[in-house]
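Keep in mind it's a predicted model, so treat the numbers as computed, not measured.
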Amino acid sequence: MVRLNQLDCEEQVGASVKGTWSDEYLRQALAYVLAGLLGIGLPGGFAWGQSPGPTSNPAKTPSFRPADPLNAPAFERFYSLDYDHSIQDFQKVLDRHPDDPFAVNHLLTAIMFRELYRMGAMNTGEYTNDSFIGSAHRPADPRIKEQIKNLVDRAEKLEERKLKANPDDVDTLYARGITRAQFSTYTALIERAWFSALRNAVGARHDHERVLELAPQYTDAKLVVGAHNYVMGSLPWGVKAAVALVGLSGSKDKGIEYLYEVARSNGENSVDARIALLLFLRREHRYGEALAILRGLMPQYPQNVLFALEEGSLLRALNQNQDAEAVYRRMWQAGRDGKYPGLHYELAALHLGDLLRSQKDYAGATSAYELVAQAPQPDPETLQKASLGAGEMYDLQQKRDLATKKYEAVIAMNGSSPPAEAARKHLKEPYRAD
């Protein structure tokens, strides 16, 4: 009965959305709601532990469910982007606790984010606006997709069995909300099924609101509820009015307040809340506040390549370009020295090229873009973007032969991509600065 009532509610949301919203309102609502969901679902290398900073209590040690000694090292590896070893640990935990939906959710999350990282879908900058709606990345491995769906199904069956016995089991309601939130991330970024993602996002919020009704002290549940309050409160007026027709509302202030409360807690979601705050504070142009939170986390995981990249991005947003340049150069050199084994530190060179380009240092930008190819096994999308950038910089320096070679290389990498389309255009006519 719990499942049927919840699904009826979610289907009503989907039907109302399709039936009453204009395409533009729908696009904006999907962008806002899914960006909020993805903000809490994209740890992307951010640390789970407590560290000195504006939103942490260093005297506390994080706790995980189920109570298993392997959970702590598994999460440490996960947030260090050591996905393979974290998955091995989470699998061992699940083998020891086969009927625990928390154990299933942890393994599900690790497998999904390893695949998202491989696909090139872990760029947090895409989620500070709605660009991720139209940004397709490399396709997911069909075997991994099937594995993810099987784990979602396993978690849901465990949760529904427990809820059938006790519909007010707050731990199980909470676990089901997490399963739905992660499945929403999957359907959005891997299946690109926006309505399904939206329905699961709404279902996650409803589950965690129910948890808070039954147990107001259950701080972890305020992560999803807080994120949704923020995004609903952030909607443009017309979209907000349409959302209200299907019973959804929110407050930006309440959302931020909830997220800070979770960030200061000792629960599993304390650092995920900081991640959401980083995303939302960037959307609010509160870059200094976001940078303070990030720097409170960075010392714990110096090998995390995404921490350093995010620091550079926030410094750029603060117009501290010299400091951002120094971050990117340190990050590149650290990668060359072996600090980021198996990770795509070449993103630093791409971002450095973009920064120097914005300063009209075309020769410096060219050199930075050319660095990307020197990384071992560079990310294909990053290499293609850098090659296009190098070609454009060569054009601006009147080095047409070199520019042409770069454009041809871009097309050869992936002829159906947006960079390839731009390269074809530049082959016909030299690139000119905007």
* Pair Ser251, Asn229: side-chain N/O donor-acceptor within cut-off below 3.5 Å -> no

* Asked: When you check the gap from the basic side-chain N to the acidic O, do Lys222 and Glu257 get nearer than 4.0 Å?
  -> no

* ring pair (Phe, Tyr, Trp, His ring centres under 6.0 Å) with Tyr394: which residues, sequence neighbours excluded? -> none

* By side chain to side chain contact (heavy atoms under 4.5 Å, CB included), which residues pair with Ser196, not counting sequence neighbours? -> Thr187, Ala193, Arg199, Asn200

* Considering only NZ, NE, NH1 and NH2 on the basic side and carboxylate oxygens on the acidic side, decide whether Arg65 and Asp220 come within less than 4.0 Å. => yes

* Asked: Is a side-chain donor or acceptor of Asn105 paired with a backbone partner of Ala175 at a separation under 3.5 angstrom?
  -> yes

* Asked: What distance separates Leu70 CG from Phe75 CZ, expressed to the nearest 0.5 Å?
  -> 12.0 Å

* **Lys405 atom NZ: more than 12 heavy-atom contacts under 6.0 Å** => no

* Any donor-acceptor N/O pair, Gln397 side chain to Met393 backbone, under 3.5 Å -> yes

* For the residue pair Arg205 and Met232, establish whether any side-chain heavy-atom pair is separated by less than 4.5 Å. => yes

* To do: Taking atom types as modelled, find out whether Thr109 and Gln182 have a side-chain donor-acceptor pair closer than 3.5 angstrom.
  => yes

* Asked: Would you call Leu116 and Thr185 a side-chain contact if the rule is heavy atoms closer than 4.5 Å?
  -> yes

* So, the side chain of Glu346 versus the backbone of Asp379: is there a donor-acceptor pair under 3.5 Å, distance only? -> yes

* Asked: Is any side-chain N of the basic residue among Arg176 and Glu156 closer than 4.0 Å to the acidic one's carboxylate O?
  -> no

* Asked: Got Tyr369 and Asp354 here, is their nearest side-chain heavy-atom distance under 4.5 Å?
  -> yes

* Asked: How are the rings of Tyr174 and Phe102 set relative to one another: parallel (under 30°), tilted (30 to 60°) or perpendicular (over 60°)?
  -> parallel

* Asked: Do Ser387 and Lys385 touch side chain to side chain, with heavy atoms closer than 4.5 Å?
  -> no

* Tell me, with the steps shown, if Asp89 and Ser86 meet side-chain contact (heavy atoms from CB on, under 4.5 Å). => CA-CA 5 Å; Asp89 287 344; Ser86 72; 5.7 Å; no

* Kindly say whether Arg118 contributes a backbone atom to a donor-acceptor pair with the side chain of Arg138 at under 3.5 angstrom? => yes

* Structure fact -> Separation between CD (Glu381) and CG (Leu347), nearest 0.5 Å, reads 10.0 Å

* Applying side chain to side chain contact (heavy atoms under 4.5 Å, CB included), name anything that partners Gln91, two or more places apart in sequence or on another chain. => Leu94, Asp95, Leu107

* Glu191 side chain near Lys149 side chain, heavy-atom distance below 4.5 Å -> yes

* Atom CZ in Phe307, atom OH in Tyr79: separation rounded to 0.5 Å? -> 10.0 Å

* **Heavy-atom donor-acceptor pair, Ser184 side chain to Ala197 backbone, under 3.5 Å** => yes

* Asked: Has the side chain of Tyr186 got a donor or acceptor atom that lies under 3.5 Å from a matching backbone atom of Ile148?
  -> no

* Output, in order, the C-alpha distance, side-chain angles, deciding distance and verdict of side-chain contact (heavy atoms from CB on, under 4.5 Å) for Arg180 and Val202. => CA-CA 9 Å; Arg180 286 173 163 168; Val202 171; over 6 Å; no

* Any Asn414 side-chain heavy atom under 4.5 Å of Ser416 side chain -> yes

* Structure fact -> In this structure, CD1 of Ile293 is separated from CD1 of Ile275 (nearest 0.5 Å) by 11.0 Å

* State plainly whether the residues Asp395 and Lys406 are in salt-bridge range, i.e. N to O under 4.0 Å. => no

* Look at Arg282 together with Glu310 and state whether they make a salt bridge at an N to O cut-off of under 4.0 Å. => yes

Acceptor/donor pairs from residues 418-428 side chains to any protein atom, 3.5 angstrom cut, sequence neighbours excluded:
residue: Arg424; atom: NH1; partner: Gly415; partner atom: O; Å: 3.0
residue: Arg424; atom: NH2; partner: Gly415; partner atom: O; Å: 2.6
residue: His426; atom: NE2; partner: Glu392; partner atom: OE2; Å: 2.9

* Asked: Of the non-hydrogen atoms in Leu223 and Ala273, which two are nearest, and what is the gap between them?
  -> CD1-CA, 3.5 Å

* To do: Evaluate the side-chain contact (heavy atoms from CB on, under 4.5 Å) criterion for residues Leu315 and Asn321: first the C-alpha distance (whole Å), next the side-chain angles of each, then the deciding distance (0.1 Å), finally the verdict.
  => CA-CA 7 Å; Leu315 288 168; Asn321 290 334; over 6 Å; no

* Asked: Which residues pass the side chain to side chain contact (heavy atoms under 4.5 Å, CB included) test with Asp84, sequence neighbours left out?
  -> Arg114

* Worked verdict on Ser270 versus Asp272 for side chain to side chain donor-acceptor pair (under 3.5 Å) -> CA-CA 6 Å; Ser270 61; Asp272 289 343; over 6 Å; no

* Please report the closest heavy-atom contact between Ala433 and Tyr362, naming both atoms and the distance. => CB-OH, 4.0 Å

* Less than 4.0 Å between a side-chain N and a carboxylate O, is that true for Lys157 and Asp153? -> yes

* To do: Hey, could you give me each pair passing ring-ring contact (aromatic ring centres under 6.0 Å, His included) that has a residue in residues 312-344? Not counting sequence neighbours.
  => Tyr117-His344, Tyr328-His351, Trp332-Tyr345

* **Within-4.5 Å side-chain heavy-atom neighbours: Tyr230 and Glu284** => yes

* **Evaluation steps, side chain to side chain donor-acceptor pair (under 3.5 Å), between Gln333 and Asp337** => CA-CA 6 Å; Gln333 189 57 52; Asp337 293 340; 3.1 Å; yes

* To do: Spell out, as yes or no, whether a donor-acceptor pair under 3.5 Å connects the side chain of Arg336 to the backbone of Gln374.
  => yes

* Structure fact -> What one should report as the nearest heavy-atom pair of Ser80 and Leu343 is O-CD1, 4.3 Å

* Main-chain N/O of Phe78 paired with Asp82 side-chain donor or acceptor, under 3.5 Å -> no

* To do: Considering non-hydrogen atoms only, spot the tightest contact between Met119 and Pro139 and give its length.
  => CG-O, 4.2 Å

* Look up atom CG in Leu277 and atom CD in Glu289, then write down how far apart they are to the nearest 0.5 Å. => 8.0 Å

* Structure fact -> To the nearest 0.5 Å, atom CD of Gln147 lies from atom CG of Leu108 at 9.5 Å

* Are the side chains of Glu115 and Leu189 in touch, meaning some heavy atoms are under 4.5 Å apart? -> no

* Please report the closest heavy-atom contact between Asn71 and His106, naming both atoms and the distance. => OD1-ND1, 3.8 Å

* **Donor-acceptor under 3.5 Å (Asp361 side chain, Arg357 main chain)** => no

* Test Leu278 against Leu294 for side-chain contact (heavy atoms from CB on, under 4.5 Å), laying out the working first. => CA-CA 7 Å; Leu278 288 173; Leu294 177 63; 4.0 Å; yes

* Look at the rings of His285 and Tyr287 and say which category their plane angle falls in: under 30° parallel, 30 to 60° tilted, over 60° perpendicular. => perpendicular

* To do: Provide the closest heavy-atom pair for Glu159 versus Pro101 in the form atom of the first, atom of the second, distance.
  => OE2-CB, 3.6 Å

* Asked: Can you tell me if Gln384 uses its side chain to pair, donor with acceptor, with the backbone of Val410 under 3.5 Å?
  -> yes

